[in-house]
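Presented below is the structure to which this report refers.
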Amino acid sequence: MAGRPAGLRRLRALPGAGLRPARPVPLLLCLHHERYYREAGRPGRARLPRSYPSTFEDKGQPVPVHVDDELGFRRWCQDADPVCWPGRVVLRGLRPLLRAELRWGLFRHTQRPHTKWRLSDLQNLIDDCRRRQVNSLADLDMEACSHAARGIVLEILHELRLVYFTPADTREAGFIDTDHFGVRFTHRASFIDLTPIAQRWLRDLVWDQMAATLRSVHCPRRSGPFDNLRRAAMELGAFLLADAPDGGHDPSLLREEHMHRFVADQRRRERDGLPSLIVTDQRGNPSTVTAITRSGVFNAARRLLRGAMDSGEANRLNLDRAFITSLPAGGEPPRRARSPYSDDIARALVAEANLSQLEALDVNGRGLRDIWETIVATGRRGGEVVKLGLDCLGRYGGLPMLWHDQTKVGNYDQAIRIPEPVYQRLQARQQATVEAFSHRHGRPPTPREREGMALFPGTRSNPQGRLPLSYAWFQRLFQLWITDLDLSRCVPHQARHTLATNLLRAGATITHVRRYLGHISDRMAEHYTHVAVSEIEDVLQHVWVAGPGAANPGELLSDVDTPLTRQQATALAVDLSRRSTPADGGFCTFQPVVDGGACPWKLDCHNCDKFVLSGADLLYWRRKREQWASLAERAPDDATADYLHRVFEPTARAIDGLEKALAGLGLLQDALALDLRRPQDYFHRLWSLNFPARELTRAAASTPDQPQEGP
């Protein structure tokens, strides 16, 4: 009830609430508060005469009310909890500051993606604060709150922190909030606590460097550098507190030998596997010092102290130069690239019986098996698959394509060809997600709502289906599955390594692997390629047009009349490359010849409609066009020149179509940059087409739509 104390106002039903107006009694209590009054033991003993309707109301006389303790009755009316009605919360009776904080928190809660607050939980929190006479949410005892109320309070306190503290205030308070700088890292709270750093001067150096990094245009995408810097300062501060004069609080007392002892202590803990002095894991257990953590501590502390020396802050603190320079670089920690799955493990991870066992772990049917099969078939990063949007599927030229975001390398809206079974599985998952939305809201999602929905939506506080499942959820169930299968330690990311290795084995170049897997450089792609045993040329990136002997030379081999987009050209190239065999200046698509049979047209390729040109032959045919043009120019008369032009006209149209298709794919400049007159270009994979038709016959026997063994 809003506006007046509970016992001093008649309650009217809200419009559309589905409630009948309650008949008020002379005590001016609604039916709900009448029940509350009885449950409270009827404070003040307020009562009415018997048969008061016929004795007083029917005669138009006022009804007398007998009260033993009027002050007690009115105090109960003032303190009684309001009735919670749909769409309304009651803030009456709260302290002014607390009321303003709750209003601001409710407003901010509606401004960004958030968890769902139930009004009953919010009203219970308000009632509890009113009974306790709380001045501010900062004074609330969090341990005494329920789980739902604690989540509401923490979210509002975060929003209030941005109001109550300026960036300069956070420096004095011993923390930094990345939201002050407009930065929020994925799966990471914006609040970074710096109070575990024992020395104030060291904590201020850390705050200054973090603030400078957050304001920089080169601010990292992830919180790793900030976590490493915080850990380095905590390790150094804890050691100085125990070993240095005055606990390290006076930087002018620190000398070179103190840094030497810190370095020796870290290396000893790394060697013997000892725990850290201060850093703990999420469960509160001491974190073990490893080669990776020690390297990160040395590198981060070195950057911190040398940055202070370069900025002049070290001179202001009277910090000894030798103390700074004696800290060595941590170097690159030893990293071992994950190996691809062995053949037996690969077969076990895609066996139907084992996949059914994996599906059984997904008790809520959120798409655990769909995620895994997509990772295996496409080699995408696990996070990329988990975060797929609802409208991530499409057909281009009749071929199934998957659209996804490669956020790690900054590539968005990327499309790759996927096998037909994976397309159908994801399509079924798409339909299941839409049906779940319709069941919850009573209607299908609108086109605008579909744009923001996830293909694998989370289960909690996600009414619109915008928030995807967490990768931690998938990884936890995946590890349970691996344990049940009694396999050696496996991680989902190894499927990506396995696919890269299989691509190399099939003849793909490092450049092709980089483009397909979405790496930023060939060097990064080399970490994903192992056991390359074949040099068969990969033809996935070739574009095909009809040859000179076709009815329409240069026609794009697709069902569309418009120029090919990059996605259409890529999908088309993947399809045609599996149904061809090399010929002089192009490829033959006549299936008996592809299967290894003899040519019934005596190898007259240039006049055959089964002959197609590929991107690898562009420069060859350009030189042919120049040669025919030169012959026509040297013709003895105009009739001979016209004849030569007419003869070469179908070939010229085929070349023009090839250039058009290559431009749609974005490979035209790469093809034109090559020059066969340089010997080294003969070894480029774009030109070295040398593979037997027998191998292509085996590949044609296994169509792209058939599932293959292994990832």
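These values consider heavy atoms only, across backbone and side chains, with no hydrogens, waters or symmetry-generated copies. This is a predicted model, so every value here is computed, not measured.
Checked by atom type and distance alone, the side chain of Ser311 pairs as donor or acceptor with a backbone atom of Gly307 at under 3.5 Å. Counting only distance, with no hydrogens or angles, the side chain of Ser295 and the backbone of Ile292 share no donor-acceptor pair below 3.5 Å. Distance alone, capped at 3.5 Å, places no donor-acceptor pair between the Asn228 side chain and the Pro225 backbone. In this structure a side-chain-to-backbone donor-acceptor pair under 3.5 Å is present from Gln199 to Gly237. Distance alone, capped at 3.5 Å, places no donor-acceptor pair between the Trp207 side chain and the Ala168 backbone. Arg203 contributes no side-chain N or O that, together with a main-chain N or O of Ile197, makes up a donor-acceptor pair within less than 3.5 Å.
Ring geometry for Phe478 versus Trp481: interplanar angle over 60°, hence perpendicular rather than tilted (30 to 60°). In this pair, Phe165 and Phe175 present their aromatic rings perpendicular. The plane angle is above 60°, beyond the 30 to 60° band.
Counting heavy atoms from C-beta on, the side chains of Leu137 and Leu102 come closer than 4.5 Å. No side-chain heavy atom of His404 sits under 4.5 Å from any side-chain heavy atom of Val385. At a threshold of 4.5 Å between non-hydrogen side-chain atoms, the residues Leu98 and Asp139 do not count as touching. Side chains of Ile176 and Ile192 form a contact here, defined as non-hydrogen atoms less than 4.5 Å apart. Residues Asp391 and Met453 fail the side-chain proximity criterion, which asks for heavy atoms closer than 4.5 Å. Phe226 has its side chain within reach of Leu214: a pair of non-hydrogen atoms, C-beta onward, lies under 4.5 Å apart. Between Asp121 and Leu125 there is no side-chain heavy-atom pair separated by less than 4.5 Å. Residues Asp362 and Arg369 are not in side-chain contact: their nearest non-hydrogen atoms beyond the backbone lie 4.5 Å or more apart.
Taking the charged nitrogens against the carboxylate oxygens, Arg466 and Glu451 have no contact shorter than 4.0 Å, which rules out a salt bridge. Glu449 and Arg443 are joined by a salt bridge, as a carboxylate oxygen and a charged side-chain nitrogen come within less than 4.0 angstrom of each other.
The cationic atom of Arg294 (NZ for Lys, CZ for Arg) lies less than 6.0 Å from the six-membered ring centre of Phe298 and within 45° of the ring axis.
Counting only residues at least two apart or on different chains, the salt bridge (Lys or Arg N to Asp or Glu O under 4.0 Å) pairs with a member in residues 225-240 are Arg188-Asp227, Arg231-Glu235. Within the structure, ring pair (Phe, Tyr, Trp, His ring centres under 6.0 Å) contacts touching residues 431-453 (residues at least two apart or in different chains) are Phe437-His441.
Of the inter-residue distances, the one linking Ile126 atom CD1 with Arg131 atom CZ reads 11.5 Å to the nearest 0.5 angstrom. From Asp179, atom CG reaches atom NE2 of His158 across 4.0 Å, with rounding to the nearest 0.5 Å. Separation of atoms CH2 (Trp117) and CD1 (Ile152) is listed at 6.0 Å; rounding is to 0.5 Å. Distance check: Leu229 CG to Arg303 CZ gives 8.0 Å after rounding to the nearest 0.5 Å. A distance of 6.5 Å separates CG of Leu455 from CD of Gln430, quoted to the nearest 0.5 Å.
Within 6.0 Å of CZ on Arg200 lie more than 12 heavy atoms contributed by other residues, nucleotides or ligands. For Arg118, the CZ atom counts as loosely surrounded, since its 6.0 Å shell holds 12 or fewer non-hydrogen atoms of other residues, nucleotides or ligands.
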